[in-house]
Amino acid sequence: MQSLCKLISISGLCVLVYTLICFHGVNCDNAPPNDQIRIEGDILLGGIFPIHQKGAKPYSSTDYRSLCGALNKDRGVQRSEAMLFAIDRINNDTSLLPTIKLGAIVLDTCSSDTYAMNQSLEFIKNSVNPAFEPSAFECPDGGSVRYKNDTRNIYGVVGGSYSEVSLQVANLLRLFKIPQISYASTSVALSNKEKYEYFARTVPSDEYQAKALLHLVKFMNWTYVSLVSSESQYGESGSNEFIRNKGDSICIATHEKVPQTGNDSRFDMIIENLKKKDKARAVVVFLRMEDAKEILRAAKRANAINTFTWVAADGWGKEQKTIEGSEDVALGALTVELASQEIVQFSQYLSDKNVFTYKRNVWFPELYQEVYRCVAFSNVVVETDDLSQCSMDLPSLPELPNFQQESKIQFVIDAVYAFAHAIHRAWSEKCHPHDKVCPALRFLDPRVFYSNYLLKVDFEDLVGSHVKFDAKGDGPGRYNIFNFRKDSNGLPRYFRVGNWSEEYGSIIDLESIIWDSYGSNELPHSVCSEPCREDQIKRESGVSCCWVCQDCKSFEYKYNDSACVACDQGMWPYPNKSGCYELPQKYVRWYQPYAFIPISIAVIGIIVTLYHFVIFIKHVNTPIVKASGRELCYLLLGGILFCYIMTFVIMAKPTYTTCLIQRFGIGLCVSIIYGAILTKTNRISRIFHSARRSARRPTFISPMSQLFITGIIVIIQIALNILWCIVEKPGASLYVPEKRDEVILKCAVSKNSVLISLIYGLLLVATCTYYAFKTRKIPENFNETKFIVFTMYATCIIWIAFLAIYLSTGNNFEIQSTTLAMSVSLSGYVALICLFSPKVYIILRHPDKNVRKLTMNNATYKKGSTGPSQETPPSYSQCNTNTANTYGTCDEQLANQLDGQNGKKRLKNAKQWKKSGKDDKSKILQEEQQRSESLPLQEIKSESNTSSREMIEEQQATLEGGGGGGDDGGGGGDGDEDDEEDEAEISISRRRRDEIL
């Protein structure tokens, strides 16, 4: 009784659905009786195909011819015949459903979803009609009510074609748990098992088709494309999947939608909108075949030949009907079509069919009228009167020159075979081997049949392709790629140029693609902006695919396509801006010209300085060495040598040690040289200027005093350096200039601190220059002052040039280091050449002039005359150094030879006065005055000249006594130094007398 109630409730639901559909304007009784194909069988399969195109009038019309349009000879008749072909093969196959015969009910959808739903009610009526016929039930052995074994119902439906048709039909069939397999519907929505739990398909979802088109666009490097889609389930789902998966690398210039009731003006407006986006040459198309055909016609009206590169989904596919009359604007198009192969057996099957002998397909007469342009039977309604009667000798459809097997024939056959394999497996498990349709198979729960049998089929079809379904009931994603171009005869046709599959991606023969009517195989551009170089970033201008290329800064690397990031300090970007690498540390290396030249100069200076050392030590007891002040000379030579050594420190790799030595060394060598020169010039100045005011000998003019004064000057420099190291710790540091393109290893000192550290040295130079200038008028005999003056002038020029170069090349450490090293070395060279080279020249080349008197004569550095009237000065060898061991004794011998007995007598008297305590200068002046009064004028002049000469001799003796320390080697003298001082006092007295006269 419960089973009967269940059947009655199902029947009631059928009546309710039927009533609602008819109530909402669907003419349920309008379809003609011959609008279907019916084949009897033990199990029936339904089939829905777009035999006709959509009609021009709304479906509410009562005129049947207005409901459907022209015949679809390929998508309609061929596909429906493919289902009948598959059923015939299955029924003749003894290994597949050997005891069960399949039947079919094939209906026309007229490419309309509402008409298709009306037609599908036929399947519902066939499934539940037994509820209205009591004879369809039986109660065996007085048990529960059940169907009789010979009752026939729809076990599944094959179809539909368009996605919107399949959606409507699936919504209806799911109410009655009737499984459905589509051969062409690719909408993504149909993969939703919560809404369409009994739907499956032998084709993949539009998700895969969108991926195939997207991969094709990316393969061509097109980043800016237009999109055109139909306002249908097929067009919406395909375009949405394309947009969803495109990412940021592809931009949609414009998205045009074709309404279901679009007219020519609407299509023309779409073409105009596409032409406005002239940079988007590629146009991706998700259109139904009818809409694609109208788009091409509108492009032809706009003369848009070679304007667009069409990239079309399988709605266009490789259909000839789509491009009929618009071949010139479709040339170069790329289309995708489900990967299928021609079924040779089906073509042979059609070869045996003609309208006169084949009565099963009710649409064959209309097919002949469409293909052969003739009337097969007199009762066929025709639209024109110029059609003749069809001949019996007409060729079969496959024999026609323009015949092409429809691309989805394979999937129609696979759908029928999928039902057959699922039923066969269920029959094998539920029934006995010799049974036909046992009750267990007949009353098998549709949900169990769908999930346990239908979705688990796995077989090879007629061409060897693997047929199976995934968890969503979708077929495998495999597509062929076609290029519409002219063949060798100039006829346009589709050429297969590649394929795409979910497992292996795409394989495209790019060189075989022709892109326009001119036969060009040059890849067209469809980009808003040309790609930037790999070291540039994109600055978007409104649209993500439209940008302006911008270079990163020299110290930045490319972080991503839209941003540059600065490298860390000490890092530099690779040439392609892909990242940063650590810059090598730069410092002056000795093989570079910046270091090689100063070092070479320093090496020469060291050799020359050591040579001067050797000469001075070898001739230490000669008058010219003594007159130069030996102690200060040795100190000067040491300072000059230190200058040259500092060049190696300045040019060495900066480390803590080298930087510390450099801080102390530069100031130290400068203070040694110019401290010694300052002491010497100050001593000369004090001696001669004090002589004008007093006959007393100046203080601190002895050798030890001079060394002490120089030591104090050097100690001040050392103290300042220590203070500098406390304030600014020494060491090496990495310096990155403003351009950041290099890392410089240099001593950790600022430019200002370097300049401040040189102030003391520059002050010494300035003071030395002042004293040198002050003593420039000292009698010519003391010509060393002239060389000191020149030394200081040259030094000032060198250091002024150094400061100018150093301050103006703050960004070039190599020039700064070289300039500093050269300045220090040149300072040493100036001092060496000006102060020591003349003395070495006399010592080596003119030893005859290396005597005491000639060191005081104004012709000291002049070559003596050898004429008869000129007395040749005696050599210093005339002073017997063996018997005269002191400076004073040697001077005394020379004085006796030049001045005679008068000078010797005055020297003796001076000594006696000193011993007797008579050292009053007034007495000396008085006696000298008395003596001068008793002399004639000529003698006074002669005596005055002699007195002036003796005064100069006394000053020279004082200088030599202080500088050389006397021949006693003790520095400072004992008895001889007293003799020189007495003689100096007498000489000063005489000079003052001469001034009075």
Checklist entry - Rounded to the nearest 0.5 Å, how far does OG of S80 lie from CD1 of I48? => result 12.5 Å

Checklist entry - Can you name the closest pair of heavy atoms from S340 and Q410 and give their distance? => result CA-OE1, 3.1 Å

Next on the checklist: For a quick test of reading the model, state the closest non-hydrogen atom pair linking P179 to L454 and the distance between them.
Outcome noted: CB-CD2, 4.1 Å

Checklist entry - Can you find a pair of side-chain heavy atoms, one from F346 and one from L462, that are under 4.5 Å apart? => result no

Checklist entry - Would a distance-only check, ignoring hydrogens and angles, find a side-chain to backbone donor-acceptor pair under 3.5 Å from S465 to D461? => result no

Checklist entry - Quick check: does any side chain N or O of T309 sit under 3.5 Å from a backbone N or O of A282, one acting as donor and the other as acceptor? => result no

Next on the checklist: For Y183 together with F49, are the ring centres under 6.0 Å from each other?
Outcome noted: yes

Next on the checklist: I'd like to check F419 versus V457 (side-chain heavy atoms, cut-off strictly below 4.5 Å). Are they in contact?
Outcome noted: no

Checklist entry - So does K472 have more than 12 non-hydrogen atoms from other groups sitting under 6.0 Å from NZ? => result no

Next on the checklist: Within the 3.5 Å criterion, strictly below it, is a donor on S185 or S187 matched to an acceptor on the partner's side chain?
Outcome noted: no

Checklist outcome for this item: So disulfide (SG to SG under 2.5 Å) across residues 157-195, not counting sequence neighbours, yields none

Next on the checklist: Looking at K408 and E337, is any side-chain nitrogen of the basic one under 4.0 Å from a carboxylate oxygen of the acidic one?
Outcome noted: yes

Checklist entry - Between D474 and D470, is there a donor-acceptor pair closer than 3.5 Å when you use the side chain of the first and the backbone of the second? => result no

Item to check | CG on L190 to OG on S205, rounded to 0.5 Å | outcome: 8.5 Å

Next on the checklist: Pair K257, E236 - check salt bridge (charged side-chain N to carboxylate O under 4.0 Å, His left out), show working.
Outcome noted: CA-CA 9 Å; K257 296 184 178 182; E236 293 290 343; 3.8 Å; yes

Checklist entry - Listed by chain and number, what are the salt bridge (charged side-chain N to carboxylate O under 4.0 Å, His left out) partners of R89, not counting sequence neighbours? => result none

Checklist entry - By side chain to side chain donor-acceptor pair (under 3.5 Å), which residues pair with T186, not counting sequence neighbours? => result D206

Item to check | Side chain to side chain, L287 and T322, heavy atoms closer than 4.5 Å | outcome: no

Next on the checklist: Determine whether a donor-acceptor pair (N or O, by modelled atom type, separation under 3.5 Å) exists between the side chain of Y450 and the backbone of F199.
Outcome noted: yes

Next on the checklist: Is the ring pair H424/W427 parallel, tilted or perpendicular, if the boundaries are 30 and 60 degrees?
Outcome noted: tilted

Checklist entry - Does the side chain of M220 reach to within under 4.5 Å of the side chain of L510, using non-hydrogen atoms? => result yes

Checklist entry - Once you round to the nearest 0.5 Å, how far does CG of L213 lie from CD1 of I481? => result 8.5 Å

Next on the checklist: Contact between V311 and V283 at the side-chain level, heavy atoms closer than 4.5 Å - yes or no?
Outcome noted: no

Item to check | Pairwise distance CG(L71) to CH2(W363) - rounded to 0.5 angstrom | outcome: 10.0 Å

Checklist entry - Would a distance-only check, ignoring hydrogens and angles, find a side-chain to backbone donor-acceptor pair under 3.5 Å from Y198 to P446? => result no

Item to check | Listed partners of D88 passing salt bridge (charged side-chain N to carboxylate O under 4.0 Å, His left out), at least two apart | outcome: R360

Checklist entry - Under 3.5 Å, is there a donor-acceptor pair linking the side chains of E81 and Y349? => result yes

Checklist entry - Would you say S166's side chain and G160's backbone share a donor-acceptor pair under 3.5 angstrom? => result yes

Next on the checklist: Tell me if the aromatic rings of F123 and F176 count as close, with their centers under 6.0 Å from one another.
Outcome noted: no

Next on the checklist: Could you check whether any side-chain N or O of Y479 sits under 3.5 Å from a backbone N or O of Q209, counting only pairs where one atom can act as donor and the other as acceptor?
Outcome noted: yes

Checklist outcome for this item: Those residues at least two apart in sequence (or on a different chain) that pass salt bridge (charged side-chain N to carboxylate O under 4.0 Å, His left out) with D113 are none

Checklist outcome for this item: Scanning both residues in full, the closest heavy-atom pair of M83 with G47 reads SD-CA, 3.8 Å

Item to check | Which residues share a side chain to side chain donor-acceptor pair (under 3.5 Å) with S501, sequence neighbours left out | outcome: none

Checklist entry - Between S111 and R288, which heavy-atom pair has the shortest distance, and what is it? => result O-NH2, 3.8 Å

Checklist entry - Is there side-chain contact between V448 and Y453, with heavy atoms separated by less than 4.5 Å? => result yes

Item to check | Where N361 and V77 come nearest, the two heavy atoms and their spacing | outcome: ND2-CG1, 4.2 Å

Checklist entry - So do Y196 and N171 actually touch side chain to side chain, heavy atoms under 4.5 Å? => result yes

Checklist entry - If you round to the nearest 0.5 Å, how far is CG of D414 from NE2 of H421? => result 9.5 Å

Checklist entry - Under 3.5 Å, side chain of D42 to main-chain N/O of K101, donor-acceptor pair present? => result yes

Item to check | Exam field: side chain Q260 to backbone E231, donor-acceptor pair closer than 3.5 Å | outcome: yes

Checklist entry - Do side-chain atoms of D291 reach the backbone of S230 as a donor and acceptor pair under 3.5 angstrom? => result no

Checklist entry - Are any of the side-chain nitrogens in E241 or K211 under 4.0 Å away from the carboxylate oxygens of its partner? => result no

Next on the checklist: Could you check whether any side-chain heavy atom of W316 comes within less than 4.5 Å of a side-chain heavy atom of L296, counting everything from C-beta outward?
Outcome noted: yes

Next on the checklist: Within a 6.0 Å radius of atom NZ on K193, are there more than 12 heavy atoms belonging to other residues, nucleotides or ligands?
Outcome noted: yes

Checklist entry - Between Q405 and Q78, which heavy-atom pair has the shortest distance, and what is it? => result CA-OE1, 3.7 Å

Checklist entry - Measuring from E406:CD to E319:CD, what's the distance to the nearest 0.5 Å? => result 5.5 Å

